[in-house]
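Report on the following structure.
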Amino acid sequence: ISDIAQPVQNGMTRRGNPALKPFGVTDQSFTASFENRYVSVEAMAGYRNEHNPIMESVILENDGFIRTYFNQYSFQRLSAGVTVTMRPWKDHLSITAEPMLNRYFSHGIDYHHSHSIFRIGWGVDFRYGNWLAYANIMSGPANKMYGEEIIEEKDMNQILVGYKRNVWSIHLGVFNAFMRDYWMYTRNLSAFTPYESKAHSGRSSSYVAIKFNLSLDFGRKSRHIDVPENTVDRDSGILTGTK
């Protein structure tokens with residue numbers, strides 16, 4: 001929110017904008033669900049509208065590019081998705097699928113973009129006696145669009161196995177199992193300085209975590225007795241006397 005300018009590279013300067021103003025956001029959502037013993041379905045629709053949001057812009061000034069921020073016209077996101085859970089083995093096994101579609105509309109001072117991102121996640125939950133197991137695939141957690149920037153990320157995953165008793169439990173989890181590389185793709189739609197970048201890691205992105213919970217309940221306990229209070233007011237509040 002200041003007008004300080006800082007060179008980023010040859011021909012490119014980042015500058016603040018003290019004329020920025022607060023903006024309003026409207027969020028609306030609708031959910032409908034159906035459930036029986038073997039299947040449950042939950043449908044969701046959402047709408048988000050940002051009026052005059054603060055987003056980045058690149059302008060040309062004195063034969064150089066200025067990267068700054070303006071109150072743009074609007075930014076909208078339409079969301080639609082459904083969560084389907086099947087329980088083929090009573091309360092012991094459930095399988096979940098979560099497809100979702102996001103449609104973005106970004107209307108700036110000198111640009112107008114629209115883009116769609118489809119995602120689908122999967123999950124399996126198993127419980128039998130004191131044993132439990134869980135596995136899921138998270139479809140691009142960072143996938144989104146805002147302003148003129150689009151981010152897409154590789155799917156992530158998680159596997160968890162545990163054993164639970166009354167006062168303790170232990171869990172062993174593996175995150176991003178079988179993943180040998182990771183990538184994140186970023187694209188900017190600026191008319192003056194468009195660019196594409198891809199962050200890539202060739203090293204294994206998997207890691208293991210162990211979680212142990214122990215619940216302790218000890219110490220002296222005093223006997224607790226509830227004493228009822230007499231809240232009946234039998235005094236009329238009128239003073240009487242004899243002479």
* Passes side chain to side chain contact (heavy atoms under 4.5 Å, CB included), M145 versus N102? Steps please. -> CA-CA 9 Å; M145 175 183 179; N102 289 325; over 6 Å; no
Hey, any chance [X] and [Y] share a hydrophobic cluster, counting ILVMFWY side chains that come within less than 4.5 Å of each other, even indirectly?
| X | Y | result |
| --- | --- | --- |
| I109 | I59 | yes |
| F118 | W122 | yes |
| V124 | Y128 | yes |
| M138 | M184 | yes |
| F212 | V167 | yes |

If you measure from [atom1] on [X] to [atom2] on [Y], what distance do you get to the nearest 0.5 Å?
| X | Y | atom1 | atom2 | value |
| --- | --- | --- | --- | --- |
| R48 | L78 | CZ | CG | 12.5 Å |
| S139 | E152 | OG | CD | 10.0 Å |
| R87 | T96 | CZ | OG1 | 8.5 Å |
| R127 | L93 | CZ | CG | 11.5 Å |
| R187 | Y195 | CZ | OH | 11.5 Å |
| F192 | L60 | CZ | CG | 5.5 Å |

* May I ask you to decide whether E196 forms a salt bridge with K198, counting only side-chain N to carboxylate O separations under 4.0 Å? => no
* Asked: Any side-chain donor paired with an acceptor under 3.5 Å for Q158 and Y134?
  -> no
* Would R103 and S116 count as having a side-chain donor-acceptor pair, cut-off 3.5 Å? -> yes
Would you check if the side chain of [X] reaches a backbone N or O of [Y] as a donor-acceptor pair within less than 3.5 Å?
| X | Y | value |
| --- | --- | --- |
| R119 | G140 | yes |
| N176 | N157 | yes |
| N71 | N52 | yes |
| T68 | R15 | yes |

* What's the shortest heavy-atom distance between D125 and A133, and which atoms? -> OD1-O, 3.5 Å
* Asked: By the rule that ILVMFWY residues connect when side-chain heavy atoms come within less than 4.5 angstrom, directly or transitively, which residues belong alongside F178?
  -> I159
Side chain proximity check, [X] to [Y], heavy atoms < 4.5 angstrom:
| X | Y | answer |
| --- | --- | --- |
| K211 | S169 | no |
| F23 | H51 | no |
| M156 | Y182 | yes |
| I150 | L189 | yes |
| K90 | R37 | yes |
| M55 | E50 | no |
| M100 | M44 | yes |
| F75 | Y104 | yes |

* Asked: For D91, does the CG atom have more than 12 heavy-atom neighbours from other residues, nucleotides or ligands under 6.0 Å away?
  -> no
* Look at atom CG of N166 and say whether more than 12 heavy atoms of other residues, nucleotides or ligands are closer to it than 6.0 Å. => no
* Asked: Going through the distances and angles, do Y111 and H113 end up as a ring-ring contact (aromatic ring centres under 6.0 Å, His included)?
  -> CA-CA 7 Å; Y111 63 82; H113 306 301; 5.0 Å; yes
* Test side chain to side chain donor-acceptor pair (under 3.5 Å) applied to Q76 and N49, step by step -> CA-CA 5 Å; Q76 289 100 23; N49 179 37; 3.0 Å; yes
* To do: May I have the step-by-step check of side chain to side chain contact (heavy atoms under 4.5 Å, CB included) for E148 and V58, ending in yes or no?
  => CA-CA 10 Å; E148 294 191 282; V58 177; 5.9 Å; no
* Aromatic rings W168 and Y163: how do their planes relate, parallel, tilted or perpendicular, breaks at 30° and 60°? -> tilted
* To do: Assign the ring pair F126 / W89 to parallel, tilted or perpendicular, where the plane angle (0 to 90°) is split at 30° and 60°.
  => tilted
* Please walk me through it: do E42 and S40 pass side chain to side chain donor-acceptor pair (under 3.5 Å)? -> CA-CA 7 Å; E42 182 175 357; S40 62; over 6 Å; no
